[in-house]
Amino acid sequence: MPERFLRPARAALKPCLAAVATATDPTAAWQELADQGRIPNRWREDPRRCFPWFHGLAPSERERGLRHAPHVPWSTAPDDVTACALLAADVAGVERAEAAGRSFVSAMGAWSVVPCADRVMWVPTSIEGHRYQLTDTKPDVWEPEAHALRAIGADWGEVERVMDRLRGEASAMPPRRRAIAAATLGVWIYAAERWADTVAANGGRADPFTHALDVYDAGYALMPSGDGVLVLGYPTGPLDSW
């Protein structure tokens with residue numbers, strides 16, 4: 001699984017990029033992708049899927065604004081033309097990650113530690129920025145890894161052993177990418193394995209951690225969330241360089 005970390009399939013990336021090659025308005029680009037059948041019509045105005053809206057701001061201002069997700073202005077279309085193409089290039093993967101994320105939240109609700117979150121907000125992330133985004137949390141958000149470890153009663157030594165195992169399994173990956181993937185996925189794999197080992201003590205509750213892993217297996221990431229919104233991260237940048 002480490003090789004799938006922040007690497008969605010995006011099989012339709014080239015035609016999606018071509019569809020918006022001359023666009024400057026992201027709303028118009030989103031509409032063009034719908035008109036060409038690159039995204040389903042149901043994506044155009046679905047309030048259960050939203051995106052931060054900072055169109056027109058300087059890149060530095062937009063980056064600062066994104067740090068406050070999910071408590072930010074939002075729209076049913078991305079605020080960046082390239083982002084429109086990146087998400088449209090992997091419709092099945094995006095919908096898979098959304099379904100898995102909602103299942104994770106629902107299953108975690110058995111502990112009453114994760115508020116209900118039906119709306120999904122998609123935010124940009126990267127291999128270098130992902131860990132920072134997880135720890136740069138703001139008031140009134142919950143951080144998925146922290147809740148998972150608290151719910152499962154983690155032994156940090158055991159978590160680190162899982163991380164070491166993942167680094168060994170992903171020895172062909174670039175060192176930096178391997179380290180970040182192991183640090184993130186190790187938490188979720190440990191939680192899923194611990195759940196399986198203690199299933200009898202879980203009273204028949206649904207396993208939330210396999211759903212979390214499904215988000216990552218689709219190539220996306222769970223991010224700090226709140227206010228009834230589940231935040232998922234999608235990678236930007238040239239994936240082939242990772």
Side-chain angles (χ1 to χ4, degrees), residues 4-8 10 13 16 26-27 29-30 33 39 43 46-91 93-102 104-105 114-115 117-147 180-181 184-185 188 211-212 214-239 242:
R4 297 286 297 140
F5 179 67
L6 290 180
R7 290 184 69 92
R10 290 180 180 165
L13 183 57
C16 287
T27 302
W30 202 236
L33 288 162
I39 60 171
W43 277 29
D46 185 355
R48 297 180 70 220
R49 178 185 304 102
C50 67
F51 309 90
W53 188 261
F54 295 107
H55 182 59
L57 294 184
S60 60
E61 293 180 276
R62 181 173 183 267
E63 184 175 346
R64 283 195 296 271
L66 286 168
R67 290 176 57 195
H68 295 273
H71 307 293
V72 296
W74 61 270
S75 174
T76 54
D79 66 353
D80 176 80
V81 170
T82 301
C84 292
L86 295 178
L87 291 155
D90 187 33
V91 170
V94 166
E95 293 189 337
R96 174 189 172 191
E98 290 174 344
R102 290 189 177 103
F104 165 74
V105 170
V114 172
D118 188 57
R119 176 178 292 157
V120 173
M121 175 178 284
W122 286 93
V123 301
T125 189
S126 66
I127 191 68
E128 290 294 337
H130 174 63
R131 298 302 302 178
Y132 170 73
Q133 286 172 288
L134 287 181
T135 56
D136 181 40
T137 55
K138 304 301 178 188
D140 302 318
V141 301
W142 52 270
E143 199 280 293
E145 288 184 7
H147 278 296
I180 295 171
T184 300
L185 297 177
W188 299 107
H211 297 305
D214 202 28
V215 173
Y216 285 96
D217 192 54
Y220 301 102
L222 291 160
M223 309 294 285
S225 303
D227 198 24
V229 178
L230 173 66
V231 181
L232 298 181
Y234 65 94
T236 57
L239 303 192
W242 296 359

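- For R96, the salt bridge (Lys or Arg N to Asp or Glu O under 4.0 Å) partners at least two apart in sequence or on another chain are D214, D217.
- For residues 78-88, the set of pairs meeting the salt bridge (Lys or Arg N to Asp or Glu O under 4.0 Å) definition, not counting sequence neighbours, comprises R62-D79.
- Not counting sequence neighbours, R64 has no partner by the salt bridge (Lys or Arg N to Asp or Glu O under 4.0 Å) test.
- Here W53 pairs with H55 under the ring pair (Phe, Tyr, Trp, His ring centres under 6.0 Å) rule; sequence neighbours left out.
- Pairs passing the salt bridge (Lys or Arg N to Asp or Glu O under 4.0 Å) check and including a residue from residues 66-75, sequence neighbours excluded, read R67-D136.
- Scanning for side-chain hydrogen bond (donor to acceptor under 3.5 Å, both in side chains) contacts around W188 gives an empty result, with sequence neighbours left out.
- Applying the salt bridge (Lys or Arg N to Asp or Glu O under 4.0 Å) test to E63 and every residue at least two apart in sequence or in another chain returns nothing.
- Listed by chain and residue number, R131 satisfy the salt bridge (Lys or Arg N to Asp or Glu O under 4.0 Å) test with E145 (two or more places apart in sequence, or in another chain).
- Residues passing the ring pair (Phe, Tyr, Trp, His ring centres under 6.0 Å) test with H130, sequence neighbours excluded: F5.
- Residues meeting the side chain to side chain contact (heavy atoms under 4.5 Å, CB included) test with A77, sequence neighbours left out: W30, S75.
- Listed by chain and number, the residues in a ring pair (Phe, Tyr, Trp, His ring centres under 6.0 Å) with H68 amount to none (sequence neighbours excluded).
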Acceptor/donor pairs from residues 224-234 side chains to any protein atom, 3.5 angstrom cut, sequence neighbours excluded:
unit_1, atom_1, unit_2, atom_2, d
S225, OG, M223, O, 2.8
S225, OG, V231, N, 2.8

